[in-house]
Amino acid sequence: MENKPLILIVEDEEGISNFISAILTSNGYNAIKTEKGGEAISLTASHVPDLILLDLGLPDMDGVEVLKSLRMWTGIPIVVVSARGHEREKVEALDLGADDYITKPFGSAELLARIRTELRHSQKKADINSAQTQSVTVGELHIDYEKRCVSLEGEKLHLTPIEYKIIVLLSKHIGKVLTHDFIIKEIWGPYTNETQTLRVNMANIRRKLEKNPAEPKYILTEVGVGYRMVEDI
Ligand code: CA
């Protein structure tokens with residue numbers, strides 16, 4: 001028995017499906033494929049994959065409906081595959097419980113990075129005995145949760161309480177995109193619309209955190225969707 005992670009590819013474009021499958025199998029994964037939403041649901045139940053790559057434009061069923069249906073009974077990581085420019089669709093999918101998305105066309109490095117991140121997160125969630133993480137380091141950035149301290153190249157950053165909370169939130173979901181709505185609800189609560197405030201805070205964080213705030217390295221903007229803290233620099 002092999003113990004490779006199993007990835008379910010739900011994609012109706014044969015070229016893309018074969019491309020993804022070839023990348024996965026040559027990088028230590030097993031892959032199964034379907035082009036239909038209905039079959040995706042039954043394959044998930046029968047094969048219990050470790051992760052699902054879900055195209056949102058399917059012939060028999062809207063991918064969003066597949067996502068909703070899966071989320072009623074499974075927490076398996078789902079990475080949505082979406083076309084460029086469909087930002088609203090991506091946000092909807094994330095709000096419905098997708099873990100992340102990848103935009104077509106994508107390269108193998110990006111695909112493998114997304115999959116690694118999600119598998120690591122689901123492993124962490126599963127490992128209830130693991131000690132609480134005390135700190136996170138990315139490149140020259142160090143976040144110490146216990147000391148409530150963020151430093152860059154060993155120098156302590158002077159952050160406002162809100163800025164600190166935003167950085168901690170992003171770092172606790174490192175590698176994953178967080179939607180504007182999700183960040184706002186987590187920081188300011190459910191009864192506000194602080195989109196502009198979030199933008200201002202992010203600009204201030206970047207001035208303190210990034211060598212060149214116009215080309216951020218640590219916290220990336222996902223246009224029309226949200227922000228992502230990178231895992232590796
Ligand atoms: Ca499609």
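Read the numbers this way: they start at 1 and go in the same order the structure lists the ligands and their atoms. Scope of the values below: all heavy atoms of this structure, side chains included, with no hydrogens, waters or symmetry mates.
The Ca ion (ligand 1) lies closest to atom OD2 when only the N/O/S atoms of Asp55 are considered.
The nearest N, O or S atom of Gly63 is not closer to the Ca ion (ligand 1) than 3.0 Å. The Ca ion (ligand 1) has Asp12 among its coordinating residues (N/O/S atom, backbone or side chain, under 3.0 Å). The Ca ion (ligand 1) has no N, O or S atom of Glu13 inside 3.0 Å of it.
Remark: the Ser17 side chain and the Glu35 side chain contain no N/O donor-acceptor pair separated by less than 3.5 Å. Side chain to side chain, Thr117 and Arg228 fail the donor-acceptor criterion of an N or O pair below 3.5 Å.
Salt bridge status for Arg88 with Glu92: absent, with no side-chain N to carboxylate O gap under 4.0 Å.
Scanning all heavy atoms of the two residues, the minimum distance from Ser171 to Ile143 falls at CB-CD1, 3.5 Å.
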